[in-house]
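See below for the structure under consideration.
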There are 2 protein chains.
Amino acid sequence: MSTRQRILDTALDSFGTDGVDGTSLDALARTLGLRKQSILYYYPSKAALFEAVVDEAAARFAEALDEVVIDATDVWEQVEGTVRVVFRMATQRPALLGLLREASRPGSSVAVQLTGRLAGHIDAARHSLEIALKEGRVAGEDARLLLFSLYSTIMGVATEVEVLRAMGVEPSLRTLAQRRAELLRFLRAALNPSTERSFAAS
Amino acid sequence: MSTRQRILDTALDSFGTDGVDGTSLDALARTLGLRKQSILYYYPSKAALFEAVVDEAAARFAEALDEVVIDATDVWEQVEGTVRVVFRMATQRPALLGLLREASRPGSSVAVQLTGRLAGHIDAARHSLEIALKEGRVAGEDARLLLFSLYSTIMGVATEVEVLRAMGVEPSLRTLAQRRAELLRFLRAALNPSTERSFAAS
DNA sequence: GTCGGGCTCTACCAATTGGTAGGGGAGACG
DNA sequence: CGTCTCCCCTACCAATTGGTAGAGCCCGAC
């Protein structure tokens with residue numbers, strides 16, 4: 001792999017795990033077996049490197065989601081596929097999800113950039129949600145807000161490991177399957193159109 | 001307000017907004033109209049200050065949740081109340097939620113501390129969920145995982161402002177009410193016990 | 001008055017930060 | 001051979017980092 005790509009990869013892991021502010025170019029170079037100046041040769045500044053890393057992460061995320069969108073024939077399959085993709089990432093490359101979290105922090109400088117790269121997928125998802133809503137195949141009022149709720153749930157369940165611990169569940173491969181099953185059940189119930197308004201308080 | 005408390009408050013806002021690594025003691029002191037050494041007089045190190053801030057945030061969060069738990073007579077009211085509390089914080093003190101997010105980052109040194117402080121509330125919530133599950137009043141398999149899903153959804157919807165923007169919704173007071181209504185509808189549907197397994201794929 | 005504790009300050013410090021300037025080696029190509 | 005480009009390096013920099021040492025000030029108690 002080219003040095004340029006190695007830097008990008010290592011930076012993604014480090015930024016996604018320790019945060020951008022928590023990662024120094026020196027430390028990054030050390031784990032790469034390089035000097036900091038070699039990093040600055042490829043990327044003129046730390047900010048530029050971060051932007052490149054965000055682009056890389058967005059590209060990988062989009063790429064993984066593409067499989068889902070292509071195969072899926074309806075909304076529920078898309079949700080299921082997205083959960084599959086996100087959970088795969090959570091085990092194989094948690095730093096990638098951490099980086100998305102880092103880049104989408106309120107007030108982040110790269111938030112616009114990140115969301116721009118994923119705009120196509122977001123639009124597609126919103127569109128199929130809109131259709132499904134109109135046809136009464138899923139429950140909800142606003143496709144955008146529904147998509148937002150779905151995203152929050154999936155990403156939260158996939159990444160909030162410490163919260164999971166707080167609930168008394170130690171993260172492991174065995175509990176991961178359970179978590180996924182429970183998440184899918186949760187989402188399926190939330191999208192189920194047949195029961196709107198049938199569950200009143202108390 | 002005492003200087004000690006002022007430091008704690010300002011640090012909470014700064015840590016919650018810019019992150020711990022993104023906040024220097026010098027900058028913090030500057031916004032306080034003090035020298036950094038005055039901060040270090042009250043808190044012997046930045047790490048100690050962070051721990052104190054985490055405790056403070058946990059206490060405020062717990063305090064706000066207490067109102068909910070006291071009033072609530074059933075699970076759904078607790079969920080509704082929690083959403084109310086979290087959304088109030090999201091508008092009145094977003095940095096507090098930001099700090100919870102910061103403190104619960106995977107691998108965070110203060111994660112144990114934070115979750116310890118909230119253990120009582122977590123246990124109580126899990127307990128009432130367990131009872132409701134047993135009595136068939138809510139849908140689900142595992143109370144802990146269900147609580148985890150609920151938390152992820154609520155916190156995500158309340159804090160992921162940039163994602164919301166990506167969905168095409170500009171955060172404002174007007175859309176906030178919509179977001180909350182849609183979130184409540186989403187959660188209500190997800191918890192609804194009457195429809196388990198009635199929504200198959202396709 | 002003066003003593004002492006609580007509080008904030010000035011003065012420093014070594015280490016680390018992101019970044020600049022430029023040297024040198026190795027291979028491609030004339 | 002020369003030289004040009006690509007790549008990684010050493011050397012250096014000013015600014016900032018968290019943290020130490022200790023002086024001075026205010027104020028209430030004795």
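Chain letters run A, B, ... following the sequence lines, proteins first, then strands; residues in each count from 1. Computed from heavy atoms alone, side chains included, the values below leave out hydrogens, waters and symmetry copies.
T23(B) comes within contact range of the sugar-phosphate backbone alone, with a heavy-atom separation under 4.0 Å but no base atom that close.
Of the residues in residues 9-19 of chain B, none has a non-hydrogen atom less than 4.0 angstrom from any atom of DNA chain C. The stretch residues 27-41 of chain A touches DNA chain C through K36(A), Q37(A), L40(A), each having a heavy atom under 4.0 angstrom from the strand.
Salt bridge R93(A)/D13(A): present, at least one basic N to carboxylate O contact under 4.0 Å. R185(B) and D142(A) are not joined by a salt bridge, as no carboxylate oxygen comes within less than 4.0 angstrom of a charged side-chain nitrogen. Taking a cutoff of 4.0 Å between a charged side-chain nitrogen and a carboxylate oxygen, R6(A) and D9(A) do not qualify as a salt bridge. One finds no salt bridge joining E77(A) and R84(A) here, because no Lys/Arg side-chain nitrogen approaches an Asp/Glu carboxylate oxygen to under 4.0 Å. A salt bridge does not link K46(A) to E51(A): none of the charged side-chain nitrogens sits closer than 4.0 Å to a carboxylate oxygen. R165(A) and E160(A) are not joined by a salt bridge, as no carboxylate oxygen comes within less than 4.0 angstrom of a charged side-chain nitrogen. Between E56(A) and R60(A) there is a salt bridge, since at least one side-chain N of the basic residue sits less than 4.0 Å from a carboxylate O of the acidic one. Between D74(B) and R137(B) there is no salt bridge, since no side-chain N of the basic residue sits under 4.0 Å from a carboxylate O of the acidic one.
Within the structure, every side-chain polar atom (N or O) of T3(A) is placed at least 4.0 Å from both OP1 and OP2 of dC7(D).
Nucleotides of DNA chain C with any atom under 4.0 Å from a heavy atom of chain B span, from 5' to 3', dG6(C) to dA11(C).
Contact of the L164(A) side chain with the E170(A) side chain is not registered, since no non-hydrogen atoms from C-beta on lie closer than 4.5 Å.
Heavy atoms from other residues, nucleotides or ligands lying under 6.0 Å from CZ of R126(A) number more than 12.
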